[in-house]
Amino acid sequence: MSELVSMPSPGRIPDRDIDKSPILETHHLGIKFGGLVAVDEFNVMIGRTEIAGLIGPNGAGKTTVFNLLTNVYTPTSGTILLDGKDTKGLKTYQINKRGIARTFQNIRLFGQLSVLDNVLIGLHNSIHCSLTSAMLRLPAYWKSEKVARERALELLSIFDMQDLANNEAGSLPYGAQRRLEIVRALATNPSLLLLDEPAAGMNPSETSELMENIRKIRDMFQIAVLLIEHDMNLVMGICEGIIVLNYGRIIAKGPPEEIKTNPTVIEAYLGRKKEG
Amino acid sequence: MNEYKRISPSKRFLINIVLVIIFIVVGTLLTGGDSLSRASRALILQIGIYVILAVSLNIATGYLGQLPLGHAGFMAVGAYSAALFWKATLNMPTPVSIVLGLIIAGLIAAVFGIIIGIPALRLKGDYLAIITLGFGEIIRIAIINLSGITGGTPGLLNVPKYSSFLVVFLCVAATIAAIHFIMHSRHGRAILSIRENEIAADSCGVNLTYYKVLAFAMSAFFAGIAGALYAGFQGSLFPKSFDFMASINILVMVVLGGMGSMLGSVIAATVLTALPLVLQALAAYRMVIYSILLIIVMIFKPSGLLGRYDFSLPGLIEKWMNRKNKPGKEVANE
Ligand SMILES: Nc1ncnc2c1ncn2[C@@H]1O[C@H](COP(=O)(O)OP(=O)(O)OP(=O)(O)O)[C@@H](O)[C@H]1O
Ligand SMILES: [Mg+2]
């Protein structure tokens with residue numbers, strides 16, 4: 001495949017993050033499924049406290065990018081630098097420990113467990129209690145459980161969900177399930193939070209509340225957020241940088257004002273009939 | 001609206017401990033004297049052994065969400081390990097020999113659990129069922145062929161009968177407590193998260209390999225202990241006691257009781273062990289009765305008699321304290 005211009009990897013990151021190294025950097029990231037090139041030459045840079053958006057038509061490869069970043073799929077080319085370190089060869093759970101947490105487009109909660117247990121599983125790696133301490137209920141068990149429970153309720157209170165702690169996760173309304181997935185992801189103490197269509201299935205008032213909360217989370221935890229969303233009001237409203245994907249390739253990246261007026265983007269995406 | 005009153009985790013723990021102590025004292029008193037016939041004593045011991053087998057299989061099926069069909073294989077490993085150890089240590093002080101034998105039985109079975117758990121990481125559903133079924137048969141055939149050590153088909157005889165009431169009671173209580181405690185810690189939640197959604201568990205930082213193997217090892221460990229108790233109860237071991245049907249028997253108990261419910265396993269193990277012995281006349285139709293029971297339960301309550309419900313005295317007290325409140329759909333936490 002011949003390239004006219006080799007794509008330089010750096011994008012733009014918010015001014016306040018400029019003196020800090022980026023949390024995420026990808027170089028020539030790509031994956032092929034058989035003959036299908038699902039993602040190709042994906043080069044991005046995300047600042048420490050940036051809220052970035054990943055948009056593109058259905059099937060553009062957005063979710064695949066998330067699966068690449070978390071090593072659910074092994075990239076067929078390119079490198080991923082998380083906090084400056086290559087994540088090649090790490091397992092998904094190790095990448096989570098290194099700082100990437102995510103939510104799923106098709107909700108994946110622990111449906112038959114309680115809301116509290118879902119968050120406690122998110123806290124899995126911050127609870128320090130050995131198998132022996134657990135089996136014999138040694139003081140370490142009681143202490144770590146108490147701390148974890150308090151932390152879980154505190155995290156649930158971000159979305160005002162602490163009163164639902166003992167409800168079954170699978171029986172929550174759709175919007176609450178999406179929020180719980182975010183809380184569970186936050187519980188793993190990430191430095192980069194990946195949200196796959198967090199507003200899908202939410203009504204406009206829920207969506208605007210979610211926008212506020214995403215901002216609040218970024219401010220509280222000082223983390224970076226990369227979100228996939230079809231809701232343009234949300235994306236243009238909160239994202240500082242936007243990456244536009246089409247047929248697995250980046251066709252534009254930049255701040256919302258630029259993306260809105262970019263002719264290639266308008267043709268490929270915004271100009272088309274809006275997709276849900 | 002009133003606040004929903006809760007009992008703190010440490011108080012719940014105390015209530016449960018008191019419950020277990022009462023259970024052991026009452027049990028020992030009831031069975032200790034001459035009040036019970038030989039047959040009923042044997043029955044109670046057998047129930048205890050099957051309770052351990054069912055709750056241990058429940059770790060792999062109910063909690064981890066897999067379907068192994070070779071549980072009797074782990075039981076056999078434990079039974080022969082303990083029997084050989086006990087036979088070789090007759091001059092050791094009996095209590096020491098009993099405890100060491102139980103631990104060795106559990107550990108050797110756990111090693112087999114790890115060996116079978118590793119291929120199980122890559123396999124699911126039917127494939128895992130077949131591989132574990134094969135494992136169970138391999139163990140049985142190995143026992144037949146290693147007749148120099150195991151006595152082969154004619155059996156391993158003169159095993160010291162160490163499985164007294166107290167030993168069995170303590171093992172049952174310790175097994176249930178240990179499983180309960182682990183399941184309500186970060187380790188148990190990690191195992192449950194794999195059952196619920198493997199991909200989500202992975203992305204929450206749960207080491208899938210470690211926890212799957214741990215669940216298999218735990219399941220095998222307690223099955224090994226049950227095997228040891230079985231050896232000390234029977235006094236002789238024959239390979240045919242550990243065939244495929246033995247594994248199915250245990251599985252039926254777990255499925256009937258409700259996968260993921262410890263109380264369900266306990267009740268089903270008790271009823272299904274007692275049934276054929278109490279109704280002697282029906283003993284010949286045992287498998288028919290099992291099948292019919294299974295079909296009925298699967299039609300009317302596919303999740304098993306108790307589903308995933310687990311008995312909790314503190315939970316009941318809590319409900320009673322809040323009898324005037326109507327909370328939403330709650331999930332048992334302890
Ligand atoms: N495991 C896989 N095997 C084969 N093809 C795949 C696999 N995963 C994704 N694809 C293909 O990769 C392409 C991109 O899919 P992806 O799910 O990333 O799209 P998306 O941008 O998230 O779309 P949507 O907006 O509908 O969620 C699609 O053509 C899809 O069929
Ligand atoms: Mg997608």
Side-chain angles (χ1 to χ4, degrees), chain A residues 66 70-72 91-98 100-104 107-118 120-131 133-137 141-142 144-146 148-149 163-171 181 184-185 187-190 194, chain B residues 1 3-4 6 8-10 12-14 16-17 62 65 174-175 177-211 214 217-218 221 259-260 303 307-308 315 318 327-334:
Chain A
F66 277 16
T70 50
N71 270 2
V72 170
K91 297 227 174 91
T92 302
Y93 85 93
Q94 291 169 316
I95 293 199
N96 174 265
K97 281 172 130 180
R98 289 264 194 105
I100 301 186
R102 74 177 288 190
T103 65
F104 297 88
I107 301 175
R108 289 180 180 274
L109 285 172
F110 307 124
Q112 288 177 321
L113 306 184
S114 71
V115 168
L116 183 69
D117 279 341
N118 271 264
L120 286 173
I121 292 164
L123 289 166
H124 179 72
N125 285 314
S126 46
I127 303 176
H128 300 289
C129 165
S130 68
L131 195 62
S133 304
M135 196 161 67
L136 302 174
R137 297 232 157 158
Y141 167 83
W142 295 106
S144 64
E145 281 293 297
K146 186 161 175 281
R149 265 153 216 270
D163 294 334
L164 298 173
N166 290 295
N167 288 43
E168 195 181 78
S171 69
E181 264 210 327
R184 185 182 67 185
T188 67
N189 194 23
L194 308 178
Chain B
M1 183 149 160
E3 181 78 357
Y4 191 79
R6 298 205 166 275
S8 74
S10 43
R12 284 168 163 265
F13 179 57
L14 273 182
N16 284 330
I17 292 281
T175 302
I179 296 175
H180 178 85
F181 291 165
I182 291 173
M183 290 317 295
H184 288 87
S185 73
R186 68 186 280 260
H187 306 286
R189 286 190 295 262
I191 292 172
L192 292 175
S193 75
I194 296 174
R195 173 192 81 194
E196 291 291 304
N197 196 314
E198 217 172 298
I199 295 175
D202 202 5
S203 76
C204 281
V206 171
N207 183 343
L208 301 181
T209 310
Y210 175 80
Y211 280 106
L214 177 71
M218 275 168 56
F221 179 85
M259 290 206 226
S303 57
R308 290 204 162 103
E318 214 168 62
K329 192 178 180 203
E330 299 266 325
V331 183
N333 263 322
E334 186 99 355

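All chains are named by letter (A, B, ...) in the order of the sequence lines, taking the proteins before the strands, and each is independently numbered beginning at 1.
In terms of heavy-atom pairs under 4.5 Å with chain B, the best-connected choice from A/L123, A/T70, A/L120 is A/L120. Taking B/G188, B/A190, B/C204, B/A177 one by one and counting their heavy-atom pairs under 4.5 Å with chain A, the maximum is reached by B/C204. With chain B as the partner, the residue from A/E145, A/K97, A/R184 showing the most heavy-atom pairs under 4.5 Å is A/E145. For the set B/S185, B/S193, B/A201, B/A178, the entry with the most heavy-atom pairs within less than 4.5 Å of chain A is B/S193.
For A/F104, the part lying under 4.5 angstrom from a heavy atom of chain B is the side chain only. With a 4.5 angstrom heavy-atom cutoff, B/I179 does not touch chain A via any of its atoms. The part of A/S130 that comes within reach of chain B is its backbone (N, CA, C, O), which places non-hydrogen atoms under 4.5 angstrom from that chain. For A/L109, the part lying under 4.5 angstrom from a heavy atom of chain B is the backbone only. With a threshold of 4.5 angstrom between heavy atoms, A/T188 approaches chain B through side-chain atoms but not through N, CA, C or O.
The distance from the NZ atom of A/K91 to the CG atom of B/L208 is 8.5 Å, given to the nearest 0.5 Å. We find the CG-CZ distance between A/L116 and B/R189 to be 8.0 Å, quoted to the nearest 0.5 Å.
Summarising the geometry of B/N207 relative to A/Y93, their closest heavy-atom pair is ND2-OH, 2.9 Å, with the distance given to 0.1 Å. The shortest heavy-atom contact between B/G205 and A/H124 is O-CD2, 3.8 Å. B/H184 and A/Y141 get closest at one heavy-atom pair: O-OH, 3.0 Å. Of all non-hydrogen atoms in B/H187 and A/C129, the two that sit nearest each other are NE2-O, 2.8 Å.
Applying the side chain to side chain contact (heavy atoms under 4.5 Å, CB included) test between B/L192 and each of A/D117, A/I121, A/L113 identifies A/L113 as the sole match.
For B/N197 (side chain) and A/F110 (main-chain N/O), no donor-acceptor pair under 3.5 Å exists by modelled atom type. Listed for the B/E196 side chain is a donor-acceptor partner under 3.5 Å among the backbone atoms of A/Q112.
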